[in-house]
There are 2 protein chains.
Amino acid sequence: MHSFTEENYLKAIYKLTEQVGSEVSTNAIAEKMSTKAASVTDMLKKLSDKKLINYQKYQGVTLTSKGEKVALSVIRKHRLWEMFLLEKLDFKWDEVHDVAEQLEHINSDKLIEQIDKFLNYPKFDPHGDPIPDANGKIQAQKSKSIAHYIKNDVLVMTGVVDHTTAFLQYLDKTGIALGDEIKIKEVVFFDRSLQITINKKTTVFISNDVAKNILAIKK
Amino acid sequence: MHSFTEENYLKAIYKLTEQVGSEVSTNAIAEKMSTKAASVTDMLKKLSDKKLINYQKYQGVTLTSKGEKVALSVIRKHRLWEMFLLEKLDFKWDEVHDVAEQLEHINSDKLIEQIDKFLNYPKFDPHGDPIPDANGKIQAQKSKSIAHYIKNDVLVMTGVVDHTTAFLQYLDKTGIALGDEIKIKEVVFFDRSLQITINKKTTVFISNDVAKNILAIKK
DNA sequence: AAATAAATTTAGGCTAGTCTAAAAATAATT
DNA sequence: AATTATTTTTAGACTAGCCTAAATTTATTT
Ligand SMILES: [Mn+2]
Ligand SMILES: [Mn+2]
Ligand SMILES: [Mn+2]
Ligand SMILES: [Mn+2]
């Protein structure tokens, strides 16, 4: 089918497109893939030949529907495997990503459908990201970062923007987890830092930088 | 760590050594890996440089203890994944191998230890092959093919020699499964074909070719 | 012991994916 | 509009793993 490398490029392009909303640049892909722009150009040619991306020299790229289908399948596998590791094998939410990066490339329709069934068809992964269904359909996400809300808003924590181990462990230590109720007690005018109450119990301070990386919806 | 390809070569060398009991030849490896002798020679040089095999031109190869450790780790992962697919995801014993060929290369100590625990530390895989423990230790196997037994022997089916889908499906159709009691009712002198009774119920005929591929021990 | 056959290695070449350095195109400034 | 800076592509080279064809070594026959 497609090589691991091709799959990773397609996934990177998909995610960058999600972020910027339009064509993604060679440099952005290079950054995301931790590689050099020259290597990206080589790969773009190949993916273009295979009709997986729309590519014209110097003009950036978008995924074709064929390429998007591949990307969504890889993302589906990644998120289902993360859920499996968390739910069935006692991994923590900061441990699942690296292993899922490997498992997402395993090629077996039956395997992934059975994992989905085994987990009882979860809609979101351990970080609150939606899991595409077998047709690539994704549940729409209306969460916003808690930096967008105001004093006295009562929210439900639904996800994170930053997926690094460091950030996830910081949230663990601070006692913020997916599904928690978060009430905005105070917004400090000076630096936009927040005082929030978690599950009506503990109250903590978080910086605006942290707030921007926590997603929530109004309760 | 080691590439998928290196791991597959080491596994092949391990299994061939098991079969022949001494140095394995370039051609034997080429056959097993479905590749050409010249490619094998290239790889043998690389594995030798990495101290994973003992290799001298024209003299065949054996694994070093370092190489054997890698091979056993891959085999452990392969067999645990097969067991996982069978036990948790409703795969049949003739469906597990191909997916396990991919999963055996996933690199995560925690993952494989958790899978082992999740399965309650199985000692044998779906085909009756022993699963090495985390230190590479393997349960000794004293089974012999049922072609070695004689009239009126009462046996327990413990494994297969041939692991192909075709053979496994033939056993399914014939009603022979791991753990079944097999009684040798008759050995046909002319062609060494057998009449056997399965679980004291059904009686079937099998050729000597088939018999050689079914492993069993005396009850 | 020579001759022949079989197994193995070497030589040279190919693709996928990567890199650095240089050239070309596009974007931003003056 | 011209210059400068940035981005992107090309050119050429490298490694891993594979191939075919030819050379070499080892094994088997005569
Ligand atoms: Mn992830
Ligand atoms: Mn990946
Ligand atoms: Mn197998
Ligand atoms: Mn393998």
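These numbers were taken from a predicted model, which means no experiment stands behind them.
- Proximity of residues 20-34 of chain A to DNA chain D (heavy atom under 4.0 angstrom from any strand atom) is restricted to Ser25(A), Thr26(A), Asn27(A).
- Side-chain proximity of Lys36(A) to the nucleotides dT20(D), dT20(C), dT10(C) is greatest for dT20(C).
- For Glu87(A), the side-chain contact (heavy atoms from CB on, under 4.5 Å) criterion is met by Met83(A), Leu119(A), not counting sequence neighbours.
- Taking each heavy atom of Ile214(A) and Met157(A) in turn, the nearest pair found is CG2-CG, 3.9 Å.
- Between Lys77(A) and Leu103(A), every side-chain heavy-atom pair lies at or beyond the 4.5 Å cut-off.
- The NE2-C1' distance, from His2(A) to dT15(C), rounds to 17 Å in whole Å.
- Scanning both residues, Asp191(B) and Asn208(B), for their nearest heavy atoms gives O-CB, 3.6 Å.
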For residues 122-149 of chain B, which side-chain donor-acceptor pairs fall under 3.5 Å, sequence neighbours excluded?
from, atom 1, to, atom 2, distance (Å)
Asp125(B), OD1, His127(B), N, 2.7
Asp125(B), OD1, Gly128(B), N, 3.1
Asp125(B), OD1, Asp129(B), N, 3.0
His127(B), ND1, Glu82(B), OE1, 3.2
His127(B), NE2, Trp93(B), O, 2.8
Asp129(B), OD2, His163(B), NE2, 2.6
Asp133(B), OD1, Asn135(B), N, 2.7
Asp133(B), OD1, Gly136(B), N, 3.0
Asp133(B), OD1, Lys137(B), N, 3.0
Gln141(B), NE2, Gly128(B), O, 3.3
Ser143(B), OG, Thr158(B), OG1, 2.7
Ser145(B), OG, Ala147(B), N, 3.2
Ser145(B), OG, His148(B), ND1, 3.2
His148(B), ND1, Ser145(B), O, 3.3
Tyr149(B), OH, Ala216(B), O, 2.7

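- Ser207(B) and Ser193(B) get closest at one heavy-atom pair: CA-CB, 4.0 Å.
- Regarding contacts with the backbone of dT9(C), every side-chain N or O of Lys45(B) stays at 4.0 angstrom or more from both OP1 and OP2.
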* To do: List the steps and the verdict of salt bridge (Lys or Arg N to Asp or Glu O under 4.0 Å) for Arg76(B) and Glu113(B).
  => CA-CA 10 Å; Arg76(B) 169 173 164 77; Glu113(B) 295 322 314; 2.9 Å; yes
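- Here Lys36(A) does not pair with Glu31(A) in a salt bridge; the nearest charged N to carboxylate O distance is not below 4.0 Å.
- The shortest distance between the side-chain N/O atoms of Ser39(A) and the OP1/OP2 oxygens of dC19(C) is below 4.0 Å.
- Between Met43(B) atom CE and dT10(C) atom C1' the separation is 17 Å, expressed in whole Å.
- Looking at residues 4-11 of chain B, you'll see Thr5(B), Tyr9(B) sit with a heavy atom under 4.0 Å from some atom of DNA chain D.
- When all heavy atoms of Leu86(B) and Phe91(B) are compared, the closest pair comes out as CD1-O, 3.3 Å.
- For dT8(D), the OP1/OP2 oxygens have no side-chain nitrogen or oxygen of Tyr55(A) closer than 4.0 Å.
- Classification of Glu6(B) and Lys50(B) as a salt-bridged pair holds, one side-chain N sitting under 4.0 Å from a carboxylate O.
- Under the 30°/60° scheme for interplanar angles, the aromatic rings of His105(B) and Phe4(B) are found to lie parallel.
- Protein atom CG of Asp42(A) is 10 Å distant from nucleotide atom P of dT9(D), rounded to whole Å.
- A salt bridge does not link Arg79(A) with Glu104(A): none of the charged nitrogens is closer than 4.0 Å to a carboxylate oxygen.
- Within 6.0 Å of atom NZ in Lys32(B), more than 12 heavy atoms from other residues, nucleotides or ligands are found, so the atom counts as buried in its surroundings.
- Scanning residues 97-105 of chain B for heavy-atom distances under 4.0 Å to DNA chain C yields an empty list.
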Close N or O pairs between protein and nucleotides 21-29 of chain C (under 3.5 Å):
from, atom 1, to, atom 2, distance (Å)
dA25(C), O4', Tyr58(A), OH, 3.3

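- Each of Thr35(A) and Gln56(B) was assigned the nucleotide of DNA chain C with the nearest heavy atom; the assignment lying further toward the 5' end belongs to Gln56(B).
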